[in-house]
> 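Have a look at the structure that comes next, please.
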There are 2 protein chains.
Amino acid sequence: MIFSRKTDYGLRALMYLAERRARGPVTLSEIAEKLMIPKAFLSKILQQLAKKGVVRSLKGPSGGFVLAVEPAEVTLQEILTEIDGPTRVFECFATEADCTFYSDCMMREVFGEVEDQIGAVLARYTLADFRYTDKPADSTAGKA
Amino acid sequence: MIFSRKTDYGLRALMYLAERRARGPVTLSEIAEKLMIPKAFLSKILQQLAKKGVVRSLKGPSGGFVLAVEPAEVTLQEILTEIDGPTRVFECFATEADCTFYSDCMMREVFGEVEDQIGAVLARYTLADFRYTDKPADSTAGKA
DNA sequence: CTGAATAGGACCGGTTGGGTCCGCTTTTCT
DNA sequence: AGAAAAGCGGACCCAACCGGTCCTATTCAG
Ligand code: SF4
Ligand code: SF4
């Protein structure tokens, strides 16, 4: 599986942050709770994203995370790369010496093509396409 | 990584078998040796392929493996599916209850699209496109 | 100064990928 | 019939990785 839970968590968190952008930093706890993501784990993901510059993190009280990019400006491909590293479909593990096919390998070619196609799809979407809409007050909680 | 060593080994073995098709069964040992694949491991892969009907296996002396399909008739997609199972790019692990996005999830959509694209590429090739050509007598062995 | 917040390192249990071993069965050859 | 040459298949093994936890250090608002 190319895209893991981490991918999912990270992307969802970014969607959430995109929505709250205007309203200042959002705490880890809030995101984790609303999105039902294990807090400690999400923390790691967000830290990573912070280092890559996708989000900004503010310490101290009234701190939290803020999206640092324009949602429509960052492609899904970029995001996934920052979370999971470049999308690798296959990696040739041999060298010229231990693979008969090395010098003219069809597989490397085809798998390269596959990777390109994936990239192409992923590049067509931006974070702005992934909208978070707040739940309309949980139905089990009596409202009316 | 979607495509593993197993994929690589299996596909290479099939390429080899495609070339030797006319000349009767090829033994596991021969394939393993020529292709530099761990014998016991390759055995497993070929067994699997035999059960799926891609190759036929003959026991006893003068036995071995024979390709059971027409190289040009079987797509890369089919082959890889038999070796590795269906090409899964992402699997949603949540249910309606634990993911806020469930009912209208963009990710599932996009990842589905990605899978389709991969399938499309893979379906464009057949085993016949993956040719094995015997090495022209190893260059280190003095020939001239 | 204190408390609320992130940063980050250590650690951990389960799964899986890659691979081995060995005894069993089938088939052919003499 | 028996020996030898194949494949069959189950048990096992190891290392890496994934998902996740925990604990301490740091930073900053009030
Ligand atoms: S076949 Fe191609 S990809 Fe596979 S090992 Fe040989 S060179 Fe690498
Ligand atoms: S976001 Fe979509 S894919 Fe991810 S868990 Fe929720 S429903 Fe499944």
Side-chain angles (χ1 to χ4, degrees), chain A residues 1-13 17 20 24-33 35-68 83-85 88-94 98, chain B residues 1-13 17 24-33 35-68 80 83-85 88 90-94 98-99:
Chain A
M1 193 138 39
I2 281 200
F3 301 107
S4 52
R5 280 184 194 224
K6 197 172 152 189
T7 320
D8 187 277
Y9 291 159
L11 187 45
R12 269 156 66 193
L17 286 177
R20 306 294 162 120
V26 185
T27 75
L28 175 64
S29 301
E30 178 182 336
I31 309 175
E33 208 167 307
L35 266 38
M36 284 172 287
I37 299 173
K39 192 169 149 182
F41 190 26
L42 180 59
S43 165
K44 288 293 183 304
I45 302 173
L46 255 8
Q47 272 176 50
Q48 185 179 332
L49 254 8
K51 262 187 264 181
K52 301 289 182 66
V54 181
V55 302
R56 234 165 4 102
S57 72
L58 294 312
K59 285 188 177 184
S62 86
F65 295 89
V66 188
L67 194 65
I83 295 178
D84 261 354
R88 272 270 110 77
V89 146
F90 175 74
E91 191 155 357
C92 169
F93 50 88
D98 34 43
Chain B
M1 192 138 41
I2 279 200
F3 302 107
S4 53
R5 281 185 192 223
K6 197 172 152 187
T7 320
D8 187 277
Y9 291 159
L11 188 43
R12 269 157 64 194
L17 286 177
V26 185
T27 75
L28 175 64
S29 301
E30 178 183 336
I31 310 175
E33 208 168 305
L35 266 39
M36 284 173 290
I37 300 173
K39 192 169 146 182
F41 190 26
L42 180 58
S43 165
K44 289 292 183 305
I45 302 173
L46 256 7
Q47 274 176 50
Q48 186 179 333
L49 254 7
K51 264 187 261 181
K52 300 289 182 67
V54 182
V55 302
R56 233 162 8 101
S57 74
L58 293 314
K59 285 188 177 182
S62 86
F65 295 89
V66 188
L67 193 66
L80 296 190
I83 295 178
D84 260 353
R88 271 269 112 76
F90 175 73
E91 190 155 0
C92 169
F93 48 88
D98 34 43
C99 178

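Values below: all heavy atoms of this structure, side chains included; hydrogens, waters and symmetry mates excluded. Note on naming: letters A, B, ... go to the chains in the order of the sequence lines (proteins, then strands), and numbering restarts at 1 for each one.
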> So A:Val89 and B:Phe3, do their side chains get closer than 4.5 Å, heavy atoms only?
yes

> If you round to the nearest 0.5 Å, how far is CG of A:Asp98 from CG of B:Leu35?
11.5 Å

> Counting only side-chain heavy atoms from C-beta out, which of D:dA6, D:dG20, C:dT6 sits nearest to A:Thr27?
C:dT6

> Quickly work out the B:Glu91 CD to C:dT15 P distance and round it to whole Å.
15 Å

> Starting at CG of B:Leu42 and ending at C1' of D:dA6, how long is that distance when rounded to a whole Å?
14 Å

> Between B:Phe93 and A:Arg12, which heavy-atom pair has the shortest distance, and what is it?
CZ-NH1, 4.2 Å

> Would you kindly give the CD-to-C1' distance between A:Gln47 and D:dG20, to the nearest whole Å?
14 Å

> Using a heavy-atom distance cut-off of less than 4.0 Å, which residues of residues 50-57 of chain A contact DNA chain C?
A:Lys51, A:Ser57

> Expressed as a whole number of angstroms, how long is the span from B:Leu46:CG to D:dG9:P?
13 Å

> Extract from the structure each pairing of a protein N or O with an N or O of nucleotides 21-23 of chain C at less than 3.5 Å, listing the distance.
{"from": "C:dC21", "atom 1": "N4", "to": "B:Lys44", "atom 2": "NZ", "distance (Å)": "3.4"}

> List the atom of A:Ala68, the atom of A:Gly53, and the distance in Å for their closest heavy-atom pair.
CB-O, 3.5 Å

> Scan residues 59-68 of chain B against DNA chain C and write down, sorted by residue number, each residue with any heavy atom closer than 4.0 Å; if none is found, say none.
B:Lys59, B:Gly60, B:Pro61

> Mind calculating the distance between CE (A:Met1) and C1' (D:dC18) to the nearest angstrom?
11 Å

> Enumerate, atom names and distances included, each donor-acceptor pair closer than 3.5 Å involving a side-chain atom of residues 54-65 of chain A, sequence neighbours excluded.
none

> Just how far, in rounded Å, is P of D:dT21 from CD1 of A:Ile45?
11 Å

> Other residues, nucleotides and ligands only: do more than 12 of their heavy atoms fall within 6.0 Å of CD on B:Glu33?
no

> Could you tell me the separation between the NZ atom of B:Lys39 and the P atom of D:dA5, rounded to a whole number of Å?
11 Å

> Name the pairs: protein N/O against N/O of nucleotides 16-18 of chain C, kept only if under 3.5 Å.
{"from": "C:dG18", "atom 1": "OP1", "to": "B:Arg5", "atom 2": "N", "distance (Å)": "3.3"}
{"from": "C:dG18", "atom 1": "OP2", "to": "B:Ser4", "atom 2": "OG", "distance (Å)": "3.4"}

> Within this structure, what is the CD-OG distance for the pair A:Glu91 and B:Ser4, rounded to the nearest 0.5 Å?
12.5 Å

> Side chains of residues 38-49 of chain A: which donor-acceptor partners sit under 3.5 Å, not counting sequence neighbours?
{"from": "A:Lys39", "atom 1": "NZ", "to": "A:Ser29", "atom 2": "OG", "distance (Å)": "2.9"}
{"from": "A:Ser43", "atom 1": "OG", "to": "A:Gln47", "atom 2": "NE2", "distance (Å)": "3.2"}
{"from": "A:Gln48", "atom 1": "OE1", "to": "A:Lys6", "atom 2": "NZ", "distance (Å)": "3.1"}
{"from": "A:Gln48", "atom 1": "NE2", "to": "A:Glu82", "atom 2": "O", "distance (Å)": "3.0"}
{"from": "A:Gln48", "atom 1": "NE2", "to": "A:Ile83", "atom 2": "O", "distance (Å)": "2.9"}

> Atom CG of B:Asp8 to atom P of C:dG19: distance rounded to whole Å?
10 Å

> Calculate, to the nearest 0.5 Å, the distance between atoms CD1 and CZ belonging to A:Ile2 and B:Arg88 respectively.
13.0 Å

